[in-house]
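Comments concern the structure below.
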Amino acid sequence: MQTTDGLNDVQKQAVLTTSGPLLILAGAGSGKTKTLTHRIAHLIATKAAWPEQILAVTFTNKAAREMRERLSDLLNQQNDRNFMPWMGTFHGICVRLLKIDGSEIGLAKNFVIFDEDDRQSLVKQAMKELGISDKQAKPRAISSAISSAKNQMQYPEDAARNANYPFERLTAEVYSVYERLKKQAYGLDFDDLLLETVRLLSTKPSIRDKWRSKFKHILIDEYQDTNSAQYQIVKYLVGDDHNICVVGDDWQSIYSWRGADFTNILNFERDFPGANVVKLEQNYRSTGAILEAAQNVISKNITRTDKKIWTAEGSGEPVQINQAYDETEESYLIAQRISTHIAVGARQAKDFAVLYRTNAMSYSLERAFLQFHVPYKIIGGVRFYDRREIKDIVAYLRLLHQPNDRVSFSRIANIPTRGVGATSLAKFLNWQASQNVDVISAMVQVESSPVTGRARAALSSLGEGFRKLQVLLEKNSNPSFIIEEVIKHINYYDFIRDGTPQAEERLENISSLVSDAASFASLADFLDEIALMSSADGSADDSVALMTIHAAKGLEFPVVFMVGLEDGILPHSRVHEAGNEELEEERRLCYVGMTRAREELHISYATSRLQFGQRGYNEPSRFLEDMGGHISQEPLSIPERDDTSHMMSLEVSQRVKSSQFGEGEIIDVDGLAVTVRFDNGSIKKLNTEYARLMPI
DNA sequence: CGGTTGCACTTTTTT
DNA sequence: AGTGCAACCG
């Protein structure tokens with residue numbers, strides 16, 4: 001087998017340069033993943049390294065999975081974890097390292113991973129403890145300030161030292177208490193996974209050397225999106241041979257808001273002297289017209305490396321820019337167009353993607369697709385593991401796994417309702433903290449606590465319940481078995497079945513949780529995995545993909561629709577001043593979106609858009625002017641303003657679904673006011689401009 | 001304690 | 001419009 005088959009000269013060079021530092025500057029669509037995968041295959045095939053001596057870091061779990069699949073194809077090997085390099089995201093790799101060696105820096109083997117919600121609730125708690133009201137500073141803002149401090153590797157002391165403004169001083173104070181509370185619950189947040197790994201590698205030289213000599217080759221994808229903790233980890237792990245290969249594109253750096261610093265890629269040659277540099281500039285994805293428009297946009301940025309992306313293919317269809325009256329019309333026109341293409345057999349649904357700036361923009365599109373009976377899937381959005389019912393069950397599992405997890409306990413102490421209110425909960429937690437026993441043991445011994453009455457009985461019985469579950473877990477740690485036992489034990493189904501239309505959906509979600517869990521060997525594995533899991537990666541079914549531009553990074557589609565090209569949306573309204581760094585990031589985002597398209601790119605903007613429940617009017621995006629070249633403004637027969645209601649196909653006898661009231665049938669239409677008789681018998685008159693009615 | 005009601009805030013992007 | 005939260009009552 002030849003591991004350089006089907007590669008161009010530059011790609012071959014990237015694969016064959018196997019010793020010393022290598023920087024691959026890879027433009028959009030230049031075969032970056034292919035090159036990387038071939039490089040790994042080459043290292044293995046030539047026995048330059050054993051699979052387990054290779055560390056490959058990807059940006060998402062999905063990318064890791066894809067790479068693993070491609071690699072097993074290339075090597076004609078089973079997709080077997082044992083015959084695979086270490087592959088995963090920085091966070092995933094760090095969890096693995098910390099599970100193995102975290103005890104060296106005092107971490108429990110069964111630490112829990114706190115997500116954004118957990119962090120938020122701890123921040124609130126810390127603020128309460130410090131007597132800081134929600135009005136003085138928003139917990140959200142503090143929480144994200146703490147995160148960015150951590151991303152710059154600042155500990156509470158550093159944050160306090162560097163604090164110049166009142167808000168920063170406040171943040172530093174909260175940060176410090178937050179850390180204490182988190183430690184008390186045996187939890188690590190996302191940022192800690194990186195920070196604690198840095199701490200491990202920096203303070204334990206013998207551990208560091210062990211890993212350094214283990215990994216003979218390190219490869220890092222999307223290097224422009226590494227933050228400073230990740231950069232440190234890289235520096236510590238790279239061995240004396242300096243066999244490090246990074247791939248990236250500063251033009252596609254769109255994560256600076258979470259600490260990513262693309263100067264890491266610009267400084268690679270300084271950090272690793274003698275580095276070879278390879279530029280992949282030939283694009284194999286998009287037509288000339290698309291590339292030209294995209295390049296025109298990105299070239300307006302000042303801070304960027306200089307390169308050219310080019311294609312050997314023709315210019316293809318011009319990029320289209322369409323105007324719509326409002327988001328309903330914009331969505332309608334897209335759905336209609338896609339529907340027609342599918343109907344005549346020109347394309348399949350999965351050939352299309354619709355990209356938008358914010359998740360909230362998916363709604364009008366969904367409605368239009370439902371109406372035209374075009375299958376679609378939303379990628380990202382509300383993550384499966386963020387759903388309330390799932391989080392409840394997972395909180396039970398986490399407490400079972402880590403009996404000190406006070407955060408999870410606080411969540412489920414009164415779920416299902418069992419008479420433990422805020423006062424009793426606070427009293428109990430306060431007492432537990434002084435007792436030197438974990439939460440489950442404390443519940444069992446609640447008789448000797450100051451908690452009285454109904455709450456005492458409830459906690460005691462909950463504690464006994466957990467004891468029984470612990471015994472079961474000892475015998476059988478199969479996660480789906482445990483989940484079913486938990487559900488049975490707390491009668492969760494009865495709690496869920498509350499008569500609301502959402503109940504059925506919740507029940508379904510829980511059964512998917514049970515089946516998801518079945519593939520894991522242990523509860524611990526399952527919990528680690530889902531903590532870092534991103535939103536459902538969309539199965540390979542035939543449907544149109546709807547997602548944010550961020551979520552589309554690394555993907556490609558024959559036909560791409562980019563919606564909401566309006567000032568205030570893209571660029572986002574939080575970015576005001578022209579010429580600043582944030583505007584440049586918005587422009588990169590625009591570039592990333594455009595370069596997802598292979599054959600056709602359709603861009604649209606709406607004069608009017610519903611935002612925050614209010615109608616707003618936006619100017620066309622300033623990026624539109626930059627596109628130039630092969631674009632065409634399609635004149636549209638724009639219907640009169642009040643005419644858009646026909647697009648929603650709301651007519652008498654049409655069945656609709658409301659997230660609030662369930663399903664029902666329209667019995668009267670009067671302009672924008674629609675009267676619906678819901679299946680539960682109630683009749684409601686709704687304004688279609690606001691009521692989220694989905695045709696079914 | 002627990003449910004209901006009314007008010008303010010929301011929407012950047014995610015491991 | 002939806003959500004989360006504080007304030008109130010049974």
Side-chain angles (χ1 to χ4, degrees), chain A residues 57-64 88-95 113-117 119-121 124 133-135 138-141 144 147 150-151 188-194 222 225-227 229-230 253-260 355-364 379-383 385-386 388 414 416-425 452-455 458 498 530-535 547-553 564 568-575 582 585-586 588-589 592-593 609-616 658-660 686-693:
Chain A
V57 185
T58 56
F59 191 67
T60 61
N61 292 306
K62 189 180 170 199
T89 61
F90 270 105
H91 292 83
I93 303 279
C94 288
V95 170
I113 301 171
F114 285 166
D115 66 15
E116 217 44 55
D117 274 6
R119 163 188 268 156
Q120 205 95 285
S121 65
K124 277 184 200 157
S133 88
D134 285 13
K135 270 147 210 135
K138 284 187 229 146
R140 252 183 81 105
S144 93
S147 180
K150 288 185 168 197
N151 281 328
L188 297 184
D189 63 28
F190 284 153
D191 304 319
D192 289 336
L193 297 175
L194 306 174
E222 308 283 9
D225 284 322
T226 47
N227 66 23
Q230 292 165 338
S253 162
I254 53 175
Y255 281 96
S256 71
W257 49 272
R258 70 176 214 216
L355 309 182
Y356 36 80
R357 177 66 230 265
T358 68
N359 278 307
M361 293 164 74
S362 67
Y363 168 67
S364 55
I379 300 183
V382 180
R383 291 155 49 194
Y385 287 95
D386 283 345
R388 187 176 312 160
N414 204 28
T417 325
R418 52 171 74 87
V420 183
T423 328
S424 304
L425 178 60
T452 53
R454 202 156 31 142
D498 56 0
I530 64 177
L532 298 176
M533 196 117 80
S534 44
S535 37
M547 69 189 98
T548 63
I549 305 175
H550 281 89
K553 187 166 96 155
I569 307 281
L570 185 66
H572 196 265
S573 54
R574 285 192 48 155
V575 177
E582 284 177 323
E585 178 139 328
E586 295 290 305
R588 291 194 292 269
L589 193 55
V592 167
R609 190 175 290 278
L610 201 59
Q611 286 167 287
F612 310 101
Q614 276 200 325
R615 195 146 282 289
S658 146
S659 58
Q660 231 189 330
L686 302 160
N687 182 339
T688 53
E689 196 166 14
Y690 301 109
R692 306 198 141 200
L693 291 179

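Note on naming: letters A, B, ... go to the chains in the order of the sequence lines (proteins, then strands), and numbering restarts at 1 for each one.
If you check dT15(B), dT13(B), dG2(B) against the side chain of Phe190(A), the one that comes closest is dT15(B). Minimum atom distance to the side chain of Thr358(A) is reached by dT13(B), of the listed dT15(B), dT13(B), dC1(B). For Asn359(A), counting side-chain heavy atoms from C-beta on, the closest listed nucleotide (dT13(B), dT15(B), dG2(B)) is dT13(B). Side-chain atoms of His572(A) lie closest to dT11(B) of the nucleotides dG2(B), dT15(B), dT11(B).
Applying the salt bridge (Lys or Arg N to Asp or Glu O under 4.0 Å) test to Lys553(A) and every residue at least two apart in sequence or in another chain returns Glu222(A), Asp225(A). Partners of Asp191(A) under the salt bridge (Lys or Arg N to Asp or Glu O under 4.0 Å) rule, at least two apart in sequence or in another chain, are Arg119(A). For Tyr255(A), the ring-ring contact (aromatic ring centres under 6.0 Å, His included) criterion is met by Phe59(A), Trp257(A), His550(A), not counting sequence neighbours. Remark: Asp115(A) pairs with Lys391(A) by the salt bridge (Lys or Arg N to Asp or Glu O under 4.0 Å) rule, at least two apart or across chains. Scanning for salt bridge (Lys or Arg N to Asp or Glu O under 4.0 Å) contacts around Arg609(A) gives Glu330(A), Glu566(A), with sequence neighbours left out.
Remark: Thr548(A) is in phosphate contact with dT14(B), judged by side-chain N or O atoms under 4.0 Å from OP1 or OP2. Taking 4.0 angstrom as the limit, Thr417(A) places none of its side-chain polar atoms (N or O) nearer than this to OP1 or OP2 of dC1(B). For Ser424(A) and dC1(B), the shortest distance from a side-chain N or O to OP1 or OP2 is below 4.0 Å.
Residues Leu425(A) and Phe90(A) both approach DNA chain B. Their nearest nucleotides, taken by heavy-atom distance, put Leu425(A) toward the 5′ side. Looking at which nucleotide of DNA chain B each of Lys138(A) and Thr89(A) is closest to, the 5′-most match is held by Lys138(A).
Between Arg119(A) atom CZ and dT15(B) atom P the separation is 14 Å, expressed in whole Å. Rounded to whole Å, the distance from CG on Leu570(A) to C1' on dT11(B) is 15 Å. For the pair Gln611(A) CD and dC9(B) C1', the computed distance is 15 Å after rounding to whole Å. Distance Arg140(A) CZ to dA8(B) C1': 15 Å, rounded to the nearest Å. We find that CD1 of Ile379(A) is positioned 16 Å from C1' of dT13(B), with the value rounded to whole Å. In this structure, Ile530(A) atom CD1 and dT14(B) atom P are separated by 19 Å, rounded to whole Å. For the pair Trp257(A) CH2 and dT11(B) P, the interatomic distance rounds to 13 Å; values are reported in whole Å. In this structure, Arg418(A) places its CZ atom 15 Å from C1' of dC1(B), rounding to the nearest Å.
Counting only heavy atoms from C-beta outward, the side chains of Ile549(A) and Leu570(A) approach each other to under 4.5 Å.
Residue Glu116(A) is classed as a base contact, given a heavy-atom separation below 4.0 Å to a base.
Listed for the Gln230(A) side chain is no donor-acceptor partner under 3.5 Å among the backbone atoms of Phe90(A).
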Where do N or O atoms of nucleotides 4-10 of chain C meet protein N or O atoms at under 3.5 Å, pair by pair?
from   : atom 1 : to        : atom 2 : distance (Å)
dC5(C) : OP1    : Lys124(A) : NZ     : 2.5

